[in-house]
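Remarks on the structure that follows.
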Amino acid sequence: MMGRRAVSVSELTAYLKKVLAADPFLQQVWVRGEVSNLRQPTSGHIYFTLKDEQAALRCVMFWRQSSRLRFPLANGLQVVAGGYVDVYARDGQYQLYIQQVYPAGAGEIFLNWQELKDRLEKEGLFATGRKRPLPAWPRKVGLATSPTGAAVRDMITIMQRRCPQVEIILSPCAVQGLEAPEQICAAIDRLCRWGVDVIIVGRGGGSWEELAAFNDEAVVRTVAGAGVPVVSAVGHETDYTLTDLAADVRAPTPSAAAEMVVPNVSEVLVVLRNLGVRLQAAMDRNLEQKRLRLQQLAAYPVLTRPQRYVDGLREDVDRAGQQLGAAMRLFLERKRQAWTQMAGQLESLNPLAVLRRGYAVCKNDRGEVITAAGSIQEGEEVEVLLHRGRLGCLVRSRYQQ
Amino acid sequence: MAGTLGFEKAMERLESVVKTLEAGSLSLEEALRCYEEGVGLVRFCHAQLEAAEERVKILLADEDNSLSVSIFDLKARAEGGV
């Protein structure tokens, strides 16, 4: 676009807009300065100039944002304004289009807080995966808080009422003022070294300034790095501190923290009593079942009237003996029949049986049966077998067939 | 047996003992053993819960960074105010 040829004003302006829009720094920038030339037409948009000793910056805050202003803007006021820089084409002016504005002191605190939050968040200090569950039955609860004031009293009272067995270790520290961050860190550190199951760190509510220690980087890191689960109890339900984000559990108030950390023993007693009752009932039922089973077994006739059982057996043996005899007889009878039949068959197959009917068998002197007249010579002797006895015969003549 | 357990473990154990016994497929010896253990656990847990003791201690570090605890008198402190 930027060749040798002249560009139109619109083209240059459009180019500038593109350049500004492409710069991420200018798209989300915080600017500190003094308000001047404040104008607020009936449209509701606010126009003013931010200036310092050397420079001035035109600013616009549209109705959507200006309607949410929490404090009145006025000429001469030091503010921190956040928004994006763009060119207003018609006037050829670059301007800050404001989305948020704070009075300078508070505004900067907020910005520092935001920056720290973003940084620690990137480090993963607030990650959900880091959160540890609270122990169900802590024996020792550590309190890192001020030893005076309502918060510590409330926490101790509540914990002792709910769970008189719990040992409470108070690790005192200042919770506001310049020394607070260091003292809070030291208090948590002492508790970790002494050995407790869970730590509550906090204070009763307070203004943003009073809660500052709980937004201190060292405190946040100590809470995140503590060896045992930490409950934050910075009594401030609406806003939250970075300690709240780093803690394993955030309680809305110190009292709520005390209730979260220890179980209510009277409730547990009810559970325990129930278990005791169930144990007794289960045992009773168990014994009753065994007793019933025993009764059932004892009622079997074999135990109550053994003679009858033997009688029954005797009868069984008797019957079995009879059955055995019958079976044996039947077996023998069948064998005998089979034998007779076979003997008959054998008889009918006996070749000598025909002799009984008058036939005779003729053999030569070598014992061979003669079946043809041609197989013997005249004058030869033959033996003739009859039904009873044998004849020695002489062949006189042959008649061949 | 119960003495070596913490309260929480003792409660868990009791719960499982009761469930085992309730399932009812135990031999008499096993059932009696379960029951005996259960009764012991009930007594142990009860004793733990009954042991009411005001135990609030204050934990401080000395010059040499060694730790020491002493009894914390809540009432005397509360008078002091913030």
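Each chain gets a letter, A, B and so on, in the order the sequences are listed, and its residues count up from 1.
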Does any backbone or side-chain atom of B:Thr20 lie under 4.5 Å from a heavy atom of chain A? Answer side chain, backbone, both or neither. neither
Just wondering, do A:Ile188 and A:Ser171 contact through their side chains at under 4.5 Å, heavy atoms? no
Report yes if some heavy atom in the side chain of A:Met283 is under 4.5 Å from a heavy atom in the side chain of B:Leu32; otherwise report no. yes
Full working for salt bridge (charged side-chain N to carboxylate O under 4.0 Å, His left out) between A:Lys117 and A:Glu217: CA-CA 9 Å; A:Lys117 175 170 176 269; A:Glu217 181 169 353; over 6 Å; no
Is a side-chain donor-acceptor pair under 3.5 Å present for A:Ser255 with A:Thr253? no
Can you tell which of A:Leu191, A:Asp189, A:Ile169, A:Asn274 has the highest number of heavy-atom pairs within less than 4.5 Å of chain B? A:Ile169
What option among A:Gln280, A:Arg139, A:Gln289, A:Arg273 has the most heavy-atom pairs under 4.5 Å with chain B? A:Gln280
Does any heavy atom of chain B fall under 4.5 Å from the side chain of A:Val141, the backbone, both, or neither of them? neither
A:Thr241 and A:Asn215: side-chain donor and acceptor closer than 3.5 Å? no
Is B:Ser70 in contact with chain A via its backbone, its side chain, both, or neither, using a 4.5 Å heavy-atom distance? neither
With a 4.5 Å cut-off on side-chain heavy atoms, are A:Leu170 and B:Lys57 touching? no
Is A:Arg285 in contact with chain B via its backbone, its side chain, both, or neither, using a 4.5 Å heavy-atom distance? side chain
Choice from A:Met159, A:Arg278, A:Glu167 maximising heavy atom contacts with chain B below 4.5 Å: A:Arg278
Please flag which part of A:Leu287 lies under 4.5 Å from any non-hydrogen atom of chain B: side chain, backbone, both or neither. side chain
